[in-house]
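Below you'll find the structure, written out as structure tokens, and then a few comments.
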Amino acid sequence: MQTLAEGLRLPTNGLDYAILAIYFVVVLGIGFMARASVKTSLDFFLSGRSLPAWVTGLAFVAANLGATEILGMAATGAQYGVAVVHWYWIGAIPAMVFLGLVMMPFYYRSKVRSVPEFLLQRFDKSAHLLSSVLFAFAAILIAGVNLYALSIVVEALLGWPQWVAIVVAGLFVLVYITIGGLSSAIYNEVLQFFVILAALIPLTVLGLKRVGGWDAMSDSLTKQHGGDFMTAWGGTGIGDPNPLGANWLTIILGLGFVLSFGYWTTNFAEVQRALSAKNLSAAKRTPLIAAFPKIFIVFAVMIPGLVAAVIVPKIGTPDSDLTYNDAIPLLMQELLPNGVLGIAVTGLLAAFMAGMAANVSSFNTVFTTDIWQRYVVKDKPDAYYLRFGRLITAIGVLASIGTAFIAASFSNIMSYLQTLFSFFNVPMFVVFIIGMFWKRASMKSGVWGLVAGTAAAMINYFWIYKGGIIDIPSDQGANFVSAIVGFVAGAGVMVVVTLFTAPKPEAELAGLVYGTESPSPDEELEEADKAWYRKPALLGWGAIVLAAACYIPYSF
């Protein structure tokens with residue numbers, strides 16, 4: 001297990017602990033207040049579909065801005081340099097816009113409670129059950145990453161052993177999610193969004209001041225790592241070496257299309273926030289609202305990583321006792337005075353809770369509604385599923401405590417996360433996108449597309465990359481390739497299976513496939529059917545313009 005460097009302890013005092021204590025009291029208070037609104041399973045799992053767009057939009061970005069995002073992207077900045085901007089400007093914004101304008105109407109009009117439930121309506125039970133199991137497993141693994149990330153901070157703060165920090169933190173999140181359900185998670189995420197920014201902004205400003213500003217930092221890192229370290233596209237020609245170990249083709253296709261769209265459009269931890277919005281208009285605006293801060297957050301997570309690489313030139317190498325994951329705690333120790341340090345620690349804990357709560361709340365929804373209620377214990381009163389949802393939340397948190405120790409074996413947790421996304425999100429995305437735009441895709445093609453995509457991505461990573469059959473320079477480069485391989489394999493198998501199996505009756509596809517009419521009499525949904533995204537010509541031109549705007553090479 002990777003442990004925190006022995007000397008990396010934060011000089012906290014009573015003021016810092018007081019700030020932290022106040023925050024925890026507020027979080028639990030929100031949980032107890034939210035409990036009053038939880039009367040049905042829909043309230044617990046989707047906040048009764050009653051939240052305004054600004055709340056769901058901030059929760060949407062906060063759910064992604066977890067401790068894994070902060071520690072992981074800072075680690076990625078320290079390891080790969082300015083190329084970290086690709087995860088935002090190519091790997092997030094286009095997919096978030098696509099989710100809001102194109103996919104949310106499909107999700108919302110179908111009244112599904114989860115992404116796997118949409119696949120049930122479009123394909124069949126086998127695709128639904130497999131996608132539910134894969135998603136539940138992935139959610140627990142990702143929640144474990146958040147727990148491990150928090151343990152790094154708590155170890156730095158209190159000097160607790162990692163296993164103690166993991167267990168205590170997991171139990172705290174269990175309390176407020178079990179009490180208030182998704183509403184508790186979402187309202188806490190809105191609070192956490194501002195607390196996280198209050199932590200990151202001073203760290204970024206003081207970090208730049210410490211190293212003499214952007215130009216001085218750039219000069220130092222260029223001398224250490226070469227000129228490509230401080231540019232986003234430098235050295236990304238096919239066959240050229242660069243810090244990221246990926247070329248422009250794998251960045252655009254692997255990250256910009258497959259991984260990005262797979263994560264943002266089918267990851268229920270994010271989509272769940274939009275589904276809890278009060279109407280279709282608010283649901284569509286949720287990811288669009290979140291996209292605006294997402295454009296700029298990259299600087300607040302990338303710059304601390306770059307600063308850490310200047311302060312400790314050998315960070316993450318065998319010559320240093322600091323891993324890349326230690327970049328943020330290092331700067332907190334080096335730069336922040338007491339009081340501000342308390343805010344920063346609180347911000348990181350808030351980030352952890354946002355990320356873990358997002359995955360735990362999505363796990364309990366999928367496991368309860370898509371697995372337990374549909375296949376194990378059917379036709380029980382709603383109160384039974386509400387109680388079971390709380391129970392499975394506790395089980396999910398305990399399972400996350402176990403998977404946290406898997407994440408601890410990776411020196412860069414963002415690389416580990418991208419590996420998980422290539423295994424689990426990409427296959428679900430290819431099945432979803434083909435099913436949504438190709439009416440002929442058969443019922444059985446969904447489950448075989450999931451199997452083929454998952455298997456191909458795993459074979460590429462564990463056998464071809466780890467086995468040294470093909471030389472891929474880095475874990476991140478291998479993740480991009482695995483994502484492309486998984487997408488192509490899943491799509492190819494879906495086409496082949498479709499040729500030999502029966503399609504779903506056309507009458508059952510209404511509102512589930514592009515170009516079909518929704519059977520809903522709801523006036524808002526009928527108006528949505530006239531929207532621009534249902535006009536093929538405009539959709540095509542819009543896609544071209546969006547791609548051109550996002551993939552123009554940028555550099556610093």
Side-chain angles (χ1 to χ4, degrees), residues 56-77 80 82-104 115 142 145 189 193 196-197 200 232-233 244 246 248 250-274 284-303 305 351 354-355 358-359 413-415 417-422 424-426 428-429 433 476 479-480 483 487 543 546-554:
T56 56
L58 291 180
F60 188 98
V61 71
N64 175 252
L65 192 61
T68 53
E69 176 88 357
I70 295 173
L71 295 184
M73 282 303 178
T76 301
Y80 301 120
V82 172
V84 72
V85 298
H86 292 312
W87 273 267
Y88 291 76
W89 297 346
I90 281 183
I93 305 302
M96 293 167 75
V97 173
F98 183 82
L99 171 64
L101 297 181
V102 178
M103 295 187 71
M104 280 316 304
V115 173
I142 295 170
V145 179
E189 284 162 2
F193 174 76
I196 291 166
L197 291 184
L200 289 178
W233 292 99
L244 189 58
W248 65 268
T250 57
I251 291 173
I252 290 177
L253 292 181
L255 175 62
F257 176 59
V258 181
L259 276 172
S260 170
F261 279 67
Y263 175 80
W264 290 103
T265 64
T266 65
N267 180 24
F268 189 53
E270 300 294 337
V271 174
Q272 188 182 29
R273 272 78 193 138
K284 290 194 296 183
R285 284 183 282 131
T286 293
L288 303 181
I289 290 171
F292 284 101
K294 189 72 175 175
I295 294 173
F296 304 102
I297 286 172
V298 60
F299 297 107
V301 293
M302 174 186 69
I303 291 175
N359 283 282
I413 53 178
M414 188 51 64
S415 294
L417 272 181
Q418 296 293 318
T419 303
L420 295 180
F421 294 154
S422 69
F424 299 111
N425 290 88
V426 168
M428 196 175 298
F429 170 63
I433 204 71
Q476 289 289 14
N479 291 333
F480 297 165
F487 184 90
L546 182 62
C550 294
Y551 297 149
I552 294 174
Y554 42 77

query: Does the side chain of Met302 come within less than 4.5 Å of Met73's, by heavy atoms?
result: no
message: Between Trp264 and Phe60, is the ring-ring contact (aromatic ring centres under 6.0 Å, His included) condition met? List the steps.
response: CA-CA 10 Å; Trp264 290 103; Phe60 188 98; 5.8 Å; yes
- prompt: Can the ring centroids of Phe257 and Phe487 be said to lie less than 6.0 angstrom from one another?
  reply: yes
- request: Compare every heavy atom of Lys294 with every heavy atom of Ala92, then report the nearest pair and how far apart it is.
  value: CB-CE, 3.9 Å
task: Give the minimum heavy-atom separation between Ile251 and Ile90, together with the two atoms involved.
output: O-CG2, 4.2 Å
statement: Residues Gly256 and Ser260: closest non-hydrogen pair is O-CB, 3.5 Å
field: Donor-acceptor pair between Asn479 and Thr419 side chains, under 3.5 angstrom
entry: yes
- prompt: Which atom pair, heavy atoms only, marks the closest approach of Val258 to Ala483?
  reply: CG1-O, 3.3 Å
- prompt: Is there side-chain contact between Val97 and Pro287, with at least one heavy-atom pair below 4.5 Å?
  reply: no
- request: Decide yes or no on side chain to side chain contact (heavy atoms under 4.5 Å, CB included) for Lys284 and Leu101, but give the supporting numbers first.
  value: CA-CA 6 Å; Lys284 290 194 296 183; Leu101 297 181; 5.8 Å; no
message: Could you walk me through whether Ile297 and Tyr88 satisfy the side chain to side chain contact (heavy atoms under 4.5 Å, CB included) test, starting with their C-alpha distance in whole Å, then the side-chain angles of each, then the deciding distance to 0.1 Å, before giving a yes or no?
response: CA-CA 8 Å; Ile297 286 172; Tyr88 291 76; 4.2 Å; yes
task: Determine the minimum heavy-atom distance between Val85 and Ala232, stating which atoms define it.
output: CG2-CB, 3.8 Å
Nearest-0.5 Å distance that lies between atom CE in Met104 and atom CG in Leu288: 10.5 Å
- prompt: Short question: side chain of His86, backbone of Gly91 - any donor-acceptor pair under 3.5 Å?
  reply: no
- request: Indicate, with yes or no, if the rings of Phe421 and Phe429 have centres closer together than 6.0 Å.
  value: no
Value rounded to 0.5 Å, distance of OG1 in Thr286 from CG in Leu58: 10.0 Å
- request: Measure the CZ-CG distance between Phe261 and Asn425 for me, rounded to the nearest 0.5 Å.
  value: 14.0 Å
task: Decide side chain to side chain contact (heavy atoms under 4.5 Å, CB included) for Thr265 and Ile433; before the verdict, give the C-alpha distance in whole Å, the side-chain angles of both, and the deciding distance to 0.1 Å.
output: CA-CA 9 Å; Thr265 64; Ile433 204 71; over 6 Å; no
